[in-house]
Protein chains: 2
Amino acid sequence: MTHRLEFLDLQAFILVAELGSFHEAAQRLHLSQPALSRRIQKLEELLEVELLERTTRRTHLTPIGADFLPRARRMIEEYESSILNMRELATHQKGTVTIACLPTAAFYFLPSVIRGFSEAWPGIRIRILDVSANEGLQRVINGEADFGINMFSAQSAEVSFTPLLRDPFVLALRSDHPLAAKKSIQWADLEQVRLITVSRDSGNRTLLDNALSAEGIRLNSFYEVQHLSTSLGLVESGLGVAILPKMTMPGPDHDTLCSRELPEPRIQRTIGLVRSSSHSISSTAQLFIDMLLEHWGNSTDS
Amino acid sequence: MTHRLEFLDLQAFILVAELGSFHEAAQRLHLSQPALSRRIQKLEELLEVELLERTTRRTHLTPIGADFLPRARRMIEEYESSILNMRELATHQKGTVTIACLPTAAFYFLPSVIRGFSEAWPGIRIRILDVSANEGLQRVINGEADFGINMFSAQSAEVSFTPLLRDPFVLALRSDHPLAAKKSIQWADLEQVRLITVSRDSGNRTLLDNALSAEGIRLNSFYEVQHLSTSLGLVESGLGVAILPKMTMPGPDHDTLCSRELPEPRIQRTIGLVRSSSHSISSTAQLFIDMLLEHWGNSTDS
DNA sequence: TCATATTGATTCAATATATGCATTAATGTG
DNA sequence: CACATTAATGCATATATTGAATCAATATGA
């Protein structure tokens, strides 16, 4: 059988070739001379080729041996660099963590964690797939992402969900909008204004529709967009109002935009960590998750 | 100890990674499943790294395994191409023969043999070191040349000599030279003409001087050059005559040049094969020598 | 010239390693 | 929930590797 060749055989050959002596090479390899002698014989037998010309005094390469020497060196080099590289991966000096994260959650959750993580593990690259709830779920299931940050509704038997934070929906509107002056908003108020919604493909929209239809409430959307950030832009430009996760909203010091609590039923989405049940988490990704939970793990109490 | 890794281990890992199954991989390797399983375990233990994520149903790569896979492929590839290359060398589909040959002998001996050899072994490159007797001898001794074609006088304990051909010295002169008309040449005749000789470093000159001084004959050289071919050129231009190995002379159909036998003592050089006694001859070089002897091996009888 | 030292190869017994068979544990599938 | 299929494990056995002792060949130096 071919392929029954050890790297030690190559190393042995290289050393004998370089030193021109079985004796010395054997010492360096911490082997007895006969063991080395037979090792080289085995190698030559395996390759069906004579690599070394031995006299009882000196040893030197045959032409074929001279041809093989640099190749053997390359093989050993590739092998040793592989080991080095894997050590780096194993000790988290190198590597990549891929996170499938809702775009809004990316803004909210990740920056603080990434800062700390990159400080602790400067060699590790972080890749954020800022995709929709459904797509993010798929990426986790098929292993493209190490884990996800997603809504609870994006569930499946193939993933486990760890809640991180409850994110209530609020009414987003301009500070100068008539409704902004009202003390509390009623569902009926929303029939009077132009409502901006995201398309029915969105996980947020599904969540919202399900919650409201249970109460017999129906929203009539005037503008429809794909992304939450776009609807926020339309609100800011004064085209209408939108029902958005609070997390989407800019801070309270924003000039033109503000938000108002919605009436009952209290609608919220639960954001959490999504992990594949079939793919095991890489140790590097686990490091990131540990840090993530340390930052946000208690937030569901709020 | 590291380096105790077989190429079969790499092959096994690659196959399991590609097929995603120990079972199938074991079949393809003509191994039992447990044997393969343990082989991969050994590999992982050796590298101190987890390469494959096993469930009882499926098997797939860990991130580190995915990183290692292409490296393993490269190692196997290098190994297999090495084997192929050595097979080509061993079967004389590739290779080089280096011959340290006297320049005159190169013209005389080699063309016919090279023609036949290149036809039989079209992949083999032939390198001719057309150097002086002394230098050619050195090249054979230190292994730069596989063998030499040289004079018998270029001897040494470190080489063996196989005579091929006896090459007598003749007087080279122009057809219109006064001496050309004489029936036989006497040594005294040469005192009347301008003699062109090669320098005393030359093996030919040494041979000649030694043979003549034994008889009390001394030549007075007028022109001195380094190479036989140059002296022949000077003869042709009419500057004088030269004592040259017959082998150097052009064929009998030459217009202006001709040669005459010299008187006793009959001076000749023996041309032959020079082989190193310490370096063994490569099998490819042996092929060439076989062919060379087939062409010229009987010539010493003449 | 001959004893000596050093080289690589060989012999042999002990050990280490790899293998196959039978079996177990785990887990998708119908 | 039984069944089939997967990878791992226990164990006996075959194979390979090893070092110590020894051999054969050959430079070296007196």
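All values reported here derive from a predicted model rather than from experimental measurement.
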Terminal contacting nucleotides, 5' and 3', DNA chain C versus chain A (heavy atom, 4.0 Å):
C:dT6 to C:dT19
Can you name the side chain to side chain contact (heavy atoms under 4.5 Å, CB included) partners of B:Ile124, sequence neighbours left out?
B:His92, B:Val97, B:Phe117, B:Trp121, B:Thr284
Is it true that B:Glu44 and B:Arg54 make a salt bridge, defined as a side-chain N closer than 4.0 Å to a carboxylate O?
yes
Could you tell me how the ring of B:Phe161 sits relative to the ring of B:Phe152: parallel (under 30°), tilted (30 to 60°) or perpendicular (over 60°)?
perpendicular
Contacts of B:Asp9 meeting salt bridge (charged side-chain N to carboxylate O under 4.0 Å, His left out) (sequence neighbours excluded), chain-then-number -> B:Arg39, B:Lys42
Residue pairs involving residues 14-24 of chain B (criterion salt bridge (charged side-chain N to carboxylate O under 4.0 Å, His left out); sequence neighbours excluded):
B:Glu18-B:Arg73
side-chain contact (heavy atoms from CB on, under 4.5 Å) between A:Leu51 and A:Leu61: does it pass, once the steps are laid out?
CA-CA 6 Å; A:Leu51 295 172; A:Leu61 287 165; 5.6 Å; no
Based on the rotation axes of five pairs at each end, what angle does the helix from C:dT1-D:dA30 to C:dG30-D:dC1 bend through, to 10°?
30°
Can you name the residues that form a side chain to side chain contact (heavy atoms under 4.5 Å, CB included) with A:Ser202, not counting sequence neighbours?
A:Val198, A:Asn204, A:Arg205
For side-chain contact (heavy atoms from CB on, under 4.5 Å), just list the numbers for B:Leu292 and B:Leu164, CA-CA rounded to whole Å, side-chain angles, deciding distance to a tenth of an Å, and then say yes or no.
CA-CA 9 Å; B:Leu292 187 76; B:Leu164 286 173; 4.3 Å; yes
Mind jotting down which residue pairs meet the ring pair (Phe, Tyr, Trp, His ring centres under 6.0 Å) criterion with at least one end in residues 69-91 of chain A? Sequence neighbours excluded, please.
A:Phe7-A:Tyr79, A:Tyr79-B:His3
Under a 4.0 Å heavy-atom cut-off, which of residues 15-23 of chain A touch DNA chain C?
A:Ser21, A:Phe22, A:His23
Salt bridge (charged side-chain N to carboxylate O under 4.0 Å, His left out) partners for B:Glu144, two or more places apart:
B:Arg139
According to a strict under-4.0 Å criterion, is B:Arg4 in side-chain N/O contact with OP1 or OP2 of D:dT18?
yes
Which is it for B:Ser283 and A:Glu50 under the side-chain contact (heavy atoms from CB on, under 4.5 Å) test, yes or no, and what are the steps along the way?
CA-CA 11 Å; B:Ser283 64; A:Glu50 196 184 52; over 6 Å; no
Got a sec? Which of residues 54-64 of chain A come in under 4.0 Å of DNA chain D, heavy atoms?
A:Thr56, A:Arg57
State, without any angle test, whether A:Ser277 and A:Glu158 hold a side-chain donor-acceptor pair at a distance under 3.5 Å.
no
Flag side-chain contact, heavy atom, 4.5 Å: A:Thr270 against A:Asp167:
no
Salt bridge (charged side-chain N to carboxylate O under 4.0 Å, His left out) contacts touching residues 271-286 of chain A (sequence neighbours left out):
none
Ion pair check, A:Arg87 and B:Glu48, cut-off under 4.0 Å:
yes
Readout for nucleotides 9-14 of chain D: B = base within 4.0 Å of protein heavy atom, S = sugar-phosphate only, - = neither; 5' to 3' it is BBB---
